[in-house]
There are 2 protein chains.
Amino acid sequence: MTLDGPLADRDRWQATRCSIGKAMDVIGNRTAVLLLREAFYGTTRFHDFATRVGVTEASAAARLRELVDLGVFEKRPYREPGQRTRHEYALTEMGRDLLPTVLALMQWGDRHLQSDGAPLRVVDTSGAPVRVQVRADDGHDLAAEDLVLQVNR
Amino acid sequence: MTLDGPLADRDRWQATRCSIGKAMDVIGNRTAVLLLREAFYGTTRFHDFATRVGVTEASAAARLRELVDLGVFEKRPYREPGQRTRHEYALTEMGRDLLPTVLALMQWGDRHLQSDGAPLRVVDTSGAPVRVQVRADDGHDLAAEDLVLQVNR
DNA sequence: GATCTGGCTATAGCGACAACAAGCCAGGTG
DNA sequence: CACCTGGCTTGTTGTCGCTATAGCCAGATC
């Protein structure tokens with residue numbers, strides 16, 4: 001990655017407002033990310049989140065509350081026939097925007113942390129394999145050395 | 001996301017070998033991700049990593065050692081004229097493969113956690129904006145509802 | 001041979017997150 | 001109206017990652 005303009009001398013600036021750090025402060029723990037995984041897999045109810053992620057209900061409740069406060073999930077009332085009103089957890093747009101992040105982690109783990117190959121596979125509705133890529137508007141895939149970092153405004 | 005075949009009944013399988021969880025076990029802490037950020041920005045030396053990430057040298061040493069053991073970084077000897085041999089930390093292919101993950105976090109933070117807009121901007125060498133996308137081979141961008149999850153093999 | 005410097009290592013303490021276990025509450029069923 | 005169930009909440013205890021401070025070591029310089 002090339003550092004452009006005032007960024008060129010790395011000793012003269014600090015990444016104080018870094019979005020990567022802010023994102024890690026918020027979703028930088030295992031349980032939060034696995035809750036997101038389950039949400040993308042279709043889970044909506046509290047007990048299912050806790051058991052499918054494999055954490056205690058105390059842990060799931062704490063993490064879900066943080067994510068609701070943040071705006072990643074929203075609690076929505078629902079009612080099954082003959083049942084009282086309950087709440088389900090649904091991803092907001094902010095939460096759905098984490099799809100590339102979660103799939104990027106999965107893709108990296110599949111490639112580098114699984115001795116026997118990936119256990120699961122993500123494809124599109126036509127069956128074609130899906131990947132997470134860094135790309136410019138014209139569509140070609142980019143590596144770190146093709147990138148330039150600039151100050152915004 | 002649609003769960004295909006044996007995955008359809010979510011109560012009948014457990015994500016025990018989940019790549020997302022394994023990835024989070026390894027790079028699921030703020031310091032590790034910020035060390036990766038600095039590596040992509042071009043940092044190679046121990047002291048620079050510690051000060052630019054903003055953690056103590058003890059912390060940086062512990063995290064870097066884990067990442068070297070894992071194969072994300074490698075230590076390489078180098079020698080400046082008139083200096084003794086020292087070591088620098090360089091990303092391996094495994095580490096470079098984390099670019100989409102790190103940029104996905106940045107992109108999400110830029111959009112959802114910055115009140116005044118993104119502080120930095122990533123472009124390609126022609127100046128065109130760069131994004132992290134979930135896409136199929138034919139190139140179009142995909143959302144969660146366009147995806148299908150299958151068992152591998 | 002003493003000193004300096006970069007690159008760590010050691011120790012102690014704190015806060016976040018986890019597990020386990022138990023308890024609480026609202027509302028529907030019998 | 002007692003009981004059950006889903007959805008939490010409240011301890012308690014343990015581990016992990018961070019900070020702060022101090023110390024160590026190897027090799028170049030003086």
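Throughout, a chain's letter reflects where its sequence line sits, starting with A, and its residues are numbered from 1.
The separation between A:R45 atom CZ and D:dC8 atom P is 10 Å, rounded to whole Å. With rounding to whole Å, A:L64 atom CG is found 11 Å from C:dA18 atom P. When the C1' atom of C:dC17 is taken as reference, atom CE of B:M24 falls 12 Å away, rounded to whole Å.
By the side-chain hydrogen bond (donor to acceptor under 3.5 Å, both in side chains) test, B:N29 pairs with no residue at all, sequence neighbours left out. Under the rule for a side chain to side chain contact (heavy atoms under 4.5 Å, CB included), the partners of B:D141 that lie at least two apart in sequence or sit in another chain are B:Q133. Listed by chain and number, the residues in a side-chain hydrogen bond (donor to acceptor under 3.5 Å, both in side chains) with A:E93 are B:R111 (sequence neighbours excluded). With sequence neighbours excluded, the residues satisfying salt bridge (Lys or Arg N to Asp or Glu O under 4.0 Å) with A:D48 are A:R52.
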- Sugar-phosphate atoms are those with a prime plus P, OP1 and OP2; base atoms are the rest. Using that split, label each nucleotide of nucleotides 17-23 of chain D B, S or - for protein heavy atoms under 4.0 Å, 5' to 3'. SSBB---
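Among the protein residues, A:Y89 comes within range of the sugar-phosphate backbone only, with heavy atoms under 4.0 Å from sugar or phosphate atoms but none that close to a base.
Using a 4.0 Å cut-off between a side-chain N of Lys or Arg and a carboxylate O of Asp or Glu, B:E88 and B:R76 qualify as a salt bridge.
Sorted by first and then second residue, the salt bridge (charged side-chain N to carboxylate O under 4.0 Å, His left out) pairs involving residues 16-28 of chain A (not counting sequence neighbours) are A:D25-B:R30.
Considering only side-chain N and O atoms, A:R65 lies under 4.0 angstrom from the phosphate OP1 or OP2 of D:dT9.
Counting only heavy atoms from C-beta on, B:A61 has its side chain closest to C:dC8 among C:dG7, C:dC8, D:dG7.
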